[in-house]
Amino acid sequence: MAPKDPEATPVEALSRDEAATELQRLAQAIAWADAAYHRDDAPEISDADYDALKRRNARIEARFPDLKRPDSPSERVGAPPTEGFAKVVHSVRMLSLANAFDDEEITEFDARIRRYLGLAADAPLAYTAEPKIDGLSLSLRYEAGGLVQAATRGDGTEGEDVTRNVRTIGEIPERLEGGPDLLEVRGEVYMAHADFEALNARQEAAGQKRFANPRNAAAGSLRQLDPSVTAGRPLRFFAYGWGALSAPLAETQMGAIERLSALGFPTNPLTALCDGPGEMLARYREVERRRAALGYDIDGVVYKVNDLALQERLGFRSTTPRWAIAHKFPAELAWTQLEAIDIQVGRTGALSPVARLVPVTVGGVVVSNATLHNEDYIAGRDSQGNPIRDGKDIRVGDWVQVYRAGDVIPKLADVDLSRRPEGATAYVFPTSCPECGSDAIREEGDSVRRCTGGLICPAQAIEKLKHFVSRAAFDIEGLGAKQVEQFYLLGWIREPADIFTLAARDAAGEKALVAPQEVLAGLHDEERGEARERLADALGLEGFDREEVARTFERRSRTPLSEQLGWGEKSVRNLFDAIEERREIPIERMIFALGIRHVGETAAQLLARHYGRWEAFLAAMDAATDQAGPAWDDLLSIDGVGAVLARSLVTSVTQDAERASIDRLAGELTVLEAEQPDTEGSPVAGKTVVFTGKLEKMTRAEAKARAESLGARVSGSVSAKTDLLVAGPGAGSKAKKATELGVEIIDEDDWLKLIGAA
DNA sequence: GAGCCTCGAGTTCC
DNA sequence: CTCGAGGCTC
């Protein structure tokens with residue numbers, strides 16, 4: 001059990017008996033945290049919390065030396081679970097693959113590539129096909145033939161340095177002969193079935209936890225802090241790709257794989273060349289047929305365009321290469337019973353139903369929750385009103401079939417009406433918010449029902465704050481989702497601006513922004529049991545008693561954070577330092593952090609680039625309030641901004657309460673001007689370019705992607721703001737308009753010459 | 001107006 | 001990771 005947080009009595013005030021009791025409690029709590037960290041590779045409490053426990057233990061021991069226990073945590077040897085793995089930024093992003101689940105999607109994949117490349121349906125186009133190993137991706141960096149770094153995939157941009165562990169894997173060469181000077185090899189670490197069974201037998205004999213499946217075993221083994229543990233684990237490796245290179249490996253994917261094999265890397269023996277969708281699908285069946293006998297887990301077949309020059313032309317979408325796709329095997333299914341349907345309220349007020357299930361193992365993992373999407377889904381209809389699951393609705397008590405979409409997200413596939421319990425009634429979707437009681441309404445044509453409470457809804461307020469501190473927004477170290485939620489419940493932070501005044505209020509001994517009566521007022525009716533529980537929990541109380549809650553609420557408001565359990569002086573200082581660091585914030589993060597519907601990372605980036613300065617952005621929003629006029633048109637002229645986004649943005653930013661909150665926040669900050677894309681030496685940076693007519697050396701999509709990578713804005717129509725028109729043969733009205741407006745016109749060859757210089 | 005292609009939002013489990 | 005929907009292209 002996790003240690004609760006009984007309001008910490010100052011060490012000085014502890015009686016002897018209390019001290020002895022607490023030392024025992026601390027010893028247990030620390031041992032529990034250690035075990036959770038080492039055994040499960042999943043710390044249950046934060047490093048800061050852990051440090052605070054240890055420090056309090058040490059202080060009590062210092063005051064009562066004779067009470068020191070034989071199992072005192074301060075005597076424990078071994079590395080404290082502070083340092084994890086160093087972060088590694090990948091020089092070339094490790095992307096994921098687009099997925100396909102049926103044959104048709106593979107035909108479409110081929111057609112899409114041909115279209116993009118401008119190839120006829122019958123032109124030759126070869127693909128490689130290889131089994132998709134179910135393990136963990138790894139990037140191995142070799143310099144001058146020697147392995148210098150191994151990193152996990154992480155989020156694709158930044159992974160963890162696992163070099164010391166990887167050096168213990170026999171199948172990964174330490175040195176290469178005759179490779180390029182710089183070579184990053186990418187592949188999959190996995191554990192074979194036989195090795196997995198043997199490992200689990202050993203784990204069990206040693207009284208340790210069995211691993212749920214080979215992939216978890218491989219992941220757990222690779223992420224050992226002690227490389228000697230990894231050395232004892234039977235990890236294996238298949239190379240399938242590469243990142244940074246000082247010289248090309250080959251001209252084709254197949255050639256590159258053969259080269260990696262010649263350099264000493266294991267490559268998958270089932271890798272084959274296919275000349276089109278027909279052969280690809282035949283290969284898929286073949287691999288599927290041999291799946292059970294392979295001796296290791298695979299979850300599909302990956303196809304890649306064989307010609308590397310074509311791969312380069314195809315390039316990437318935002319998170320996946322265009323030249324590859326993973327054809328997944330059908331997901332495993334399992335039947336279980338639906339215990340309850342809960343409603344969660346998101347940042348935008350969306351009411352999302354979640355299925356609480358009798359736990360069931362699906363694909364090696366125990367699943368107890370699954371998404372139910374929205375009210376139509378429960379009723380057995382899709383957003384167009386067409387029946388899904390043959391129109392069967394879902395009721396509490398039903399037997400339902402579960403699968404893990406993409407091997408991750410649990411979903412329901414079917415309902416067994418023959419086993420429906422007698423008296424089961426159709427689920428009635430709430431029409432008021434379960435968190436704040438406000439009306440929950442569904443807009444015309446929308447599939448989700450939303451709480452109309454806005455910021456008075458605690459769920460929305462908390463989710464908005466979580467979004468605010470999230471990685472792509474303010475990313476404040478030491479202030480994660482958990483802390484934000486707790487600070488909100490304790491009344492210390494109600495809106496983003498409050499984060500930046502917290503340190504001062506802490507020093508002044510008055511953190512709460514609301515009176516306890518006010519907090520309690522919202523908890524009157526009996527239905528709000530959950531909210532009461534959460535508040536009691538945040539206060540560290542076992543039960544809910546109004547007077548005790550109010551008392552504790554005030555005491556915690558007055559007690560400096562550094563004296564509260566779970567926090568120590570150092571962690572508090574780190575938190576406040578991290579907050580101070582974010583008083584300077586890039587404008588794109590600021591815009592994203594506001595959490596406006598339809599404005600995600602990408603849209604925020606576009607807006608930041610367009611307006612440059614924060615004041616200019618706000619002024620433009622004000623000028624566009626009436627949704628007409630030059631400011632409104634200017635907003636809509638941004639490529640990627642349409643009417644829906646614009647309306648959502650302008651109404652949010654100019655709405656009084658919201659705006660006041662934004663201004664309070666901005667008052668605490670220095671918002672940094674947008675950085676233009678890194679296009680040093682690009683002749684077209686910041687220019688607005690329009691393509692028209694037929695392009696002969698590249699497709700329109702390629703031309704657009706290339707121009708944007710050089711910092712140009714590509715627009716669809718010629719206007720006074722257009723700097724350059726690239727006109728191929730057959731250009732018509734656009735060329736005419738450009739001439740009228742005096743916009744420079746060049747042909748495709750001139751364009752290539754122009755950007756070739758970059 | 002139809003058909004992509006992306007992005008945004010919501011979600012689970014480790 | 002997926003679904004829904006916004007926005008762009010044809």
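Only a predicted model underlies this, so the values are computations on that prediction, with no experimental measurement involved.
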Asks: Flag the pair A/R471 and A/E601 as a salt bridge only when some basic side-chain nitrogen lies within less than 4.0 angstrom of an acidic carboxylate oxygen.
Replies: no

Asks: Could you check which residues of residues 591-601 of chain A get a heavy atom under 4.0 Å from DNA chain B? Sort them by number, please.
Replies: A/I596, A/R597, A/H598, A/G600, A/E601

Asks: Figure out the CZ/P separation between A/R404 and C/dC1, and round it to whole Å.
Replies: 11 Å

Asks: Side-chain N or O of A/R347 less than 4.0 angstrom from OP1 or OP2 on B/dA9?
Replies: yes

Asks: Taking only Lys NZ, Arg NE, NH1 and NH2, and the carboxylate oxygens of Asp or Glu, determine whether A/D297 and A/R215 approach each other closer than 4.0 Å.
Replies: no

Asks: Just to verify, what does A/D103 make a salt bridge (Lys or Arg N to Asp or Glu O under 4.0 Å) with, not counting sequence neighbours?
Replies: A/R285

Asks: Roughly how many Å is it from CG in A/L607 to P in B/dC7, rounded to a whole number?
Replies: 14 Å

Asks: List the residues meeting salt bridge (Lys or Arg N to Asp or Glu O under 4.0 Å) with A/D226, not counting sequence neighbours, and say none if there are none.
Replies: none

Asks: What's the closest nucleotide to the side chain of A/R112 if the choices are C/dG6, C/dT2, B/dC5?
Replies: B/dC5

Asks: Of all the nucleotides listed (B/dG8, B/dT12, B/dC14), which has the minimum atom distance to the side chain of A/A603?
Replies: B/dG8

Asks: Using a 4.0 Å heavy-atom cut-off, does A/V448 contact any base of the nucleic acid, only the sugar-phosphate backbone, or nothing at all?
Replies: nothing

Asks: Determine whether the aromatic ring centres of A/F592 and A/H467 lie less than 6.0 Å apart.
Replies: yes

Asks: A/K464 NZ to B/dG10 C1': how many Å, rounded?
Replies: 16 Å

Asks: Return the value, rounded to whole Å, for the distance between atom NZ of A/K411 and atom P of B/dG10.
Replies: 15 Å

Asks: With a 3.5 Å distance limit and no angle check, can you tell me whether A/E463 reaches the backbone of A/Q460 through a side-chain donor-acceptor pair?
Replies: no

Asks: OP1 or OP2 of B/dG8 versus the side-chain N and O atoms of A/T348: is any pair under 4.0 Å?
Replies: no

Asks: Is A/R223 paired with A/E160 through a side-chain N to carboxylate O contact shorter than 4.0 Å?
Replies: yes

Asks: Taking the side chain of A/S447 as its heavy atoms from C-beta onward, which of C/dG4, B/dT12, C/dC3 lies nearest to it?
Replies: C/dG4

Asks: Please state whether the phosphate of C/dG7, meaning OP1 or OP2, lies under 4.0 angstrom from any side-chain nitrogen or oxygen of A/R647.
Replies: no

Asks: Whole Å only: how far is the CG atom of A/N374 from the C1' atom of B/dA9?
Replies: 13 Å

Asks: When you get a sec, tell me which of B/dC5, B/dG10, B/dT12 is the closest nucleotide to the side chain of A/A350?
Replies: B/dG10

Asks: It should be established whether A/T602 places a side-chain nitrogen or oxygen under 4.0 Å from OP1 or OP2 of nucleotide B/dG8.
Replies: yes

Asks: In whole Å, I'd like the distance from the OH atom of A/Y377 to the P atom of B/dG10.
Replies: 18 Å

Asks: If the plane angle is over 60° it's perpendicular, under 30° parallel, otherwise tilted; pick one for A/Y296 and A/Y190.
Replies: tilted

Asks: Using whole Å, what does the distance between atom C1' of nucleotide B/dC7 and atom CG of A/L645 come to?
Replies: 10 Å

Asks: Looking only at side-chain N and O atoms, does A/T371 come under 4.0 Å of OP1 or OP2 in B/dT12?
Replies: no

Asks: Send over the distance from A/L372 CG to C/dG4 P, rounded to a whole Å.
Replies: 13 Å

